[in-house]
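Data first, discussion second: the structure below is written as structure tokens.
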Amino acid sequence: MTTWAATTWALYGVGSAALATSLVKLRRRFDLSQAKHRSLAGHARIARRIAALLPFYEYNETRFFCSDGAPADIAARRRAGFERLSALYKTRFAATISRTAEAAESISDLVFTDAYRVPFQYRRHVQVNLPSAVFVQSSEGVTVTDLDSNRFYDASGSYGVNVLGYDFYKGAIERGASRVRELGPVLGPYHPLIIDNVELLKEISGLDEVSFHMSGTEAVMQAVRLARFHTRRSHLVRFCGAYHGWWGDVQPGIGNPVPAHETYTLAEMSEDTLRVIASRHNIACVLVNPLQALHPNASAPSDSALVDSGRRAHFDKGAYAEWLRRLREVCSAQNIVLIFDEVFVGFRLAQGGAQGYFGVHADLVTYGKTLGGGLPIGVVCGRAALMRRFRDERPADICFARGTFNSHPYVMAAMNEFLRHLRTPQGQAVYRDLDAIWNARACLLNERLRNEALPVEIANLSSIWTVCYTQPSRYNWMLQYYLRAEGLALSWVGTGRLIFSLDYTDADFVAVADRFVTAARAMQADGWWWRNASMTNKLIRRTILKEIIARRLFS
Ligand SMILES: Cc1ncc(COP(=O)(O)O)c(C=O)c1O
């Protein structure tokens, strides 16, 4: 063979190899895009770009009441209802509103939540006429009392912390404090009761080691860092819509000013996702928030995003358990660390947490919220090999994690009260027939809503509820204000998430259901759910899109 021919063959060889590599890369890229959920939440970067383009605009006072094309008589009914509600708010919640207004000028969190209670087009008019009233002075049983001495049934659940009832946590904090008073806030050395916490957590999680942090966000950060350290791989997989705290790597989309380059956001309960996890060699861990079982692939529901009636939720325990089993199999086969983030659902669904509830074991589990017995906490439990923060054979290669307030004696003591209580007959009784109780309560309320032809429906994962709307409407977010008027306290995400503590009795719950139905009835009577035959969720979204485009083009 001549030199020329040899060179040509060599070039062919290199070219074919390059082509084959490119095809493989293309195929992997294609598989990855197939495994993304088709919603915007499934495409973090695009979502961020689109969010940056969205212009602010708002409805004037007239359009506020007829943005769905309602006729004049309906708009007038809505206006009358709105004014009545506004007058009620301004008298019944006067002191609470006034204190909130003072604080809202300088508490950034409040400035933010106050702006994100309703879709932005309606914001200003709502803020002026139905002002936020966020102060409470006391809690008792399943109620909280505001500064005007109004008592509300609490459906906010303190972000999920309140599992056993406020009175329990008050006691846990007090009893706990008395046990560590002599030591006080000494940090660094431990109070001996930490040992009991560790033993109890090992038993509950079925894992070997425990680390303490100050929040759920930090627990998640540490779990992911450990997974990366031990697998020597870079990427984490999180599922579309799942919340894992506000650390950048687990919040790659809207809300985080910089892109998260080492995060894959994949569709949950998807074959394509399993295929990607099984075929990539750079995945360190897969993060699961079992709360998503209530609304797989959808973001935490908030009334500020309730622009139509598209909110959907449905819990299928068997299907989700099967998904977790398959995920477990793929992770085990690929040596990928499976992390259950039980910061929200741990201790709410079952004593053994989501692992026990769904019958699937994780390699690392994060806990938080209620585990602190009413005080701030984040915990990671894991297999010993994964929890190790250094390598015996490479002493300078470490996985650093600290935190000034980790293992604070007062937090450890309140936690111990919580964990000890779980072992008492009273603590165990709480979990007996839990799903049956809360499913029956959801059914009862749904039946009452259906019987009165109210376009509202509850979906629930045990004691965690979300309100769905059964006919197209632009005004569903108004329900949160009617519910407050009836004495139900919700969190700032409104009807997206109602969280009940497990000390609700049947009688308490009937009172809640009565108030819920009365509120929905009043909203119906005030015309907010008027619709004409042609209205659909799609049409509503198209109208909003046109408004946005017009705003961008003509202002
Ligand atoms: C599943 C999950 N993980 C992590 C976090 C973050 O916890 P924290 O707010 O304590 O930082 C939350 C908070 O809601 C959560 O629900």
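Atoms within a ligand are numbered from 1 in the order they appear, just like the ligands themselves. The structure displayed is predicted, hence computed values, not measured ones.
Contact annotation: the side chain of Leu502 approaches that of Ser463 to within less than 4.5 Å [non-hydrogen atoms, C-beta and beyond].
Tyr116 carries Arg123 over the face of its six-membered ring, with the cationic atom under 6.0 Å from the centre and within 45° of the normal.
Residues with a heavy atom under 4.0 Å from ligand 1: Ser215, Gly216, Thr217, Tyr243, His244, Gly245, Asn289, Asp341, Val343, Phe344, Lys369.
Looking at Asp154, its side chain never comes within 3.5 Å of a backbone N or O of Val144 through a donor-acceptor pair.
Counting only residues at least two apart or in different chains, ring-ring contact (aromatic ring centres under 6.0 Å, His included) contacts with residues 183-212 are absent.
In terms of the salt bridge (Lys or Arg N to Asp or Glu O under 4.0 Å) criterion, residue partners of Arg311 (sequence neighbours excluded) are, by chain and number, Asp303.
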Review item, side-chain donor-acceptor pairs of residues 242-254, under 3.5 Å, at least two apart:
from	atom 1	to	atom 2	distance (Å)
His244	ND1	Asp341	OD2	2.8
Asp249	OD2	Arg228	NH1	2.9
Asp249	OD2	Arg228	NH2	3.3

